[in-house]
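Report on one structure; see the data block that follows.
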2 protein chains.
Amino acid sequence: MGAMDLPHGHPQGDDALEQLVARVPLFSALVPDELTAVAQRVRPRKHPRQEQLYGAGEKNSKLMIIHAGRVKIYRITESGHEQVIRILGPGDFLGESTFISGATSDHFALTLEASDICELHHDELHDYLLAYPSVAVKMVETLSARLAGTEHQLSMLAGEDAEHRLAAYLMALHDASGKALVKLPTTKKDVASFLGLTPETLSRKLTQFEEIGWLRLGSRRQIELLDVEALRLI
Amino acid sequence: MGAMDLPHGHPQGDDALEQLVARVPLFSALVPDELTAVAQRVRPRKHPRQEQLYGAGEKNSKLMIIHAGRVKIYRITESGHEQVIRILGPGDFLGESTFISGATSDHFALTLEASDICELHHDELHDYLLAYPSVAVKMVETLSARLAGTEHQLSMLAGEDAEHRLAAYLMALHDASGKALVKLPTTKKDVASFLGLTPETLSRKLTQFEEIGWLRLGSRRQIELLDVEALRLI
DNA sequence: CGCAATGTTGATGTAACTCAAACCTAGTGG
DNA sequence: CCACTAGGTTTGAGTTACATCAACATTGCG
């Protein structure tokens with residue numbers, strides 16, 4: 001668990017790294033040779049839980065790719081409260097927002113659990129994208145998808161009430177896992193922030209849904225969805 | 001202003017088209033030869049005002065680049081009301097969200113005024129990005145910036161009240177133009193939707209700001225900002 | 001110039017927030 | 001490994017900002 005803190009350079013390690021890189025959607029279109037080239041330049045690091053990867057105001061100059069763990073992206077609004085933007089997991093990348101030269105990010109990234117994350121300096125990223133256009137195309141596609149997701153969340157926040165938002169969120173979790181037993185990716189406090197609610201309102205709506213019989217609240221952030229159709233139709 | 005409805009093919013027309021393409025941020029990193037190549041493949045079109053460029057469900061397979069005019073991007077929420085996502089102007093592009101093969105867009109694009117828009121089929125776009133990686137890099141940067149903007153709007157909607165949202169919006173208009181006399185890009189109805197408010201609330205807050213002396217409401221969507229500092233500090 | 005869409009103003013209702021207090025859970029350190 | 005504690009969660013009561021409904025005024029397009 002602590003043997004990869006520093007690059008060792010032995011063949012076994014490089015192979016493993018290449019395997020990791022190959023699993024990242026961003027690099028999935030690369031041919032083996034290119035994959036090897038990328039793997040050699042990427043710096044893997046372990047991060048403990050609750051570590052701040054970057055903060056607002058810093059000029060974070062690294063693209064980070066998550067191999068294992070979860071990362072919370074959030075903003076501090078002008079009125080001072082925390083707004084969760086998204087939760088990232090394995091295969092996702094972050095730090096691209098400051099790729100536009102000079103711009104400093106206005107949000108924070110925090111590991112929610114111990115995480116394995118690869119880093120790539122922005123200068124290098126720029127060269128990579130020019131050298132491997134397929135990575136650039138993949139990145140365009142990923143950003144498009146992420147943008148569409150954020151826009152969807154935006155119109156949910158603006159247009160729907162608390163119940164609709166919560167139901168839609170639960171359905172998204174359900175569709176992602178395919179199972180009736182879903183697990184919140186983080187604390188209810190953060191989920192509430194993500195949904196634009198106070199923790200109190202989230203708690204109330206969840207118990208309300210439970211009373212109606214649409215779901216059952218379990219321990220350890222588990223929720224068993226009993227009536228998926230009802231939630232979808234809300 | 002109306003002589004370019006159809007491509008004419010004479011040198012003058014091509015030069016003009018090349019000039020237009022060169023002004024699009026997306027293509028700003030291209031060298032002259034590449035610029036010519038792009039200009040030859042791009043199809044310019046005129047659109048009347050209030051024309052639907054694409055709608056939800058359609059598999060829109062074109063990247064569109066705005067040369068002149070304004071385009072409203074909006075979604076119909078599940079509860080049936082219109083949510084404005086953004087207003088695009090000259091130099092902006094749209095239609096990239098369905099670039100991810102197969103995905104159908106869930107939002108609509110409508111011209112707010114007569115517009116000149118160039119089209120590029122997605123297949124061609126894919127080839128272009130591979131052939132001209134600098135365009136892909138530019139697109140990554142643009143999408144990053146757009147994502148950051150949407151995330152900002154998101155946290156505004158979730159975290160701030162009506163006054164803060166309106167004040168921040170007015171400040172954004174002010175910062176974009178640099179002048180104290182700003183002009184709403186579209187109807188107040190649409191601006192209200194963009195800010196996640198009802199038209200009634202927007203109207204009330206604007207008159208309230210006027211009574212305080214922070215601004216003066218003019219005709220034709222003009223607003224004169226009298227106390228920029230107060231608005232910024234709200 | 002006339003009509004439909006947009007914008008304004010007022011009265012009323014309610015969903016969700018705030019504040020507060022008690023309870024529970026999960027990581028801490030001994 | 002267990003007990004401690006800080007943060008997370010739940011429940012309750014009271015408040016308010018904003019939506020809704022409605023009537024009227026204005027704008028600007030055909």
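Numbered from 1 within each chain, the chains take letters A, B, ... in sequence-line order.
A cation-pi arrangement is not found for A/R216 relative to A/F209, the charged atom failing to lie both closer than 6.0 Å to the ring centre and inside a 45° cone about the ring normal.
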Below 3.5 Å between N/O atoms, which protein atoms pair up with nucleotides 16-23 of chain C? Just atom names and distances, please.
| from | atom 1 | to | atom 2 | distance (Å) |
| --- | --- | --- | --- | --- |
| C/dA16 | OP1 | A/A162 | N | 2.7 |
| C/dC17 | OP2 | A/T198 | OG1 | 3.0 |
| C/dC17 | OP2 | A/T201 | OG1 | 2.3 |
| C/dT18 | O4 | A/R204 | NH2 | 3.2 |
| C/dC19 | N4 | A/E200 | OE2 | 3.2 |

Between the protein and nucleotides 14-16 of chain D, which nitrogen or oxygen pairs come in under 3.5 angstrom?
none

Report, one pair per line, the protein and nucleotides 28-30 of chain C atoms (nitrogen or oxygen only) whose separation is under 3.5 Å.
none

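Salt-bridge check for B/R232 with B/D175: passed, with a basic side-chain N closer than 4.0 Å to an acidic carboxylate O. The pair A/R86-B/E151 meets the salt-bridge criterion, with a side-chain N (NZ, NE, NH1 or NH2) lying under 4.0 Å from an Asp/Glu carboxylate O. Here A/R165 does not pair with B/E78 in a salt bridge; the nearest charged N to carboxylate O distance is not below 4.0 Å. Using a 4.0 Å cut-off between a side-chain N of Lys or Arg and a carboxylate O of Asp or Glu, B/E96 and B/R146 qualify as a salt bridge.
For the pair B/E113 CD and D/dC29 P, the computed distance is 11 Å after rounding to whole Å. In this structure, the NE2 atom of A/H164 is 17 Å from the P atom of D/dA19, given to the nearest Å. Taking atom CG on A/L112 and atom P on D/dG8, their separation rounds to 11 Å, with Å as the unit. Rounding to whole angstrom units, CG of residue B/L206 and P of D/dC18 are separated by 14 Å. Separating the NZ atom of B/K189 from the P atom of D/dT27 is a distance of 19 Å, rounded to the nearest angstrom. Summarising the geometry, the separation between CG on A/D190 and C1' on C/dT25 is reported as 16 Å, rounded to the nearest angstrom. Regarding B/K188, its NZ atom lies at a distance of 10 Å from the P atom of D/dG28, rounded to whole Å. In this structure, the CD atom of A/Q50 is 12 Å from the C1' atom of D/dG8, given to the nearest Å.
Using a 4.5 Å heavy-atom threshold, the side chains of B/I223 and B/L181 count as separate. Taking 4.5 Å as the limit, some side-chain heavy atom of B/F93 sits within range of a side-chain heavy atom of B/L63.
Remark: side-chain polar atoms of A/H164 are paired, donor with acceptor, to backbone N or O of A/I234 under 3.5 angstrom. Listed for the A/T98 side chain is no donor-acceptor partner under 3.5 Å among the backbone atoms of A/K59. The closest donor-acceptor contact from the side chain of B/T111 to the backbone of B/S115 lies at 3.5 Å or more, if one exists at all. Within the 3.5 Å criterion, the main-chain N or O of B/S203 finds a donor-acceptor partner in the side chain of B/T207.
Distance from the side chain of B/S203 is smallest for C/dT8 among the nucleotides C/dT8, C/dG7, D/dT11.
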Next item on the list: Could you please spell out the steps behind the side chain to side chain donor-acceptor pair (under 3.5 Å) verdict for A/T77 and A/Q83?
Entry: CA-CA 7 Å; A/T77 64; A/Q83 168 66 35; over 6 Å; no
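With axes fitted over five pairs at each extremity, the angle between the ends of the helix from C/dC1-D/dG30 to C/dG30-D/dC1 is 70° (10° resolution).
Near DNA chain C, meaning a heavy atom under 4.0 Å from it, residues 215-225 of chain B has no residue at all.
A distance below 6.0 Å separates the ring centres of A/F194 and A/Y169.
Judged as a salt bridge (charged side-chain N to carboxylate O under 4.0 Å, His left out), and not counting sequence neighbours, the contacts of B/K205 are B/E163.
Residue B/S144 comes nearest to A/L143 through the heavy atom pair OG-CD1, 3.9 Å, listed as atom of the first residue, atom of the second, then distance.
Other residues, nucleotides and ligands contribute over 12 non-hydrogen atoms within 6.0 Å of the NZ atom of A/K183.
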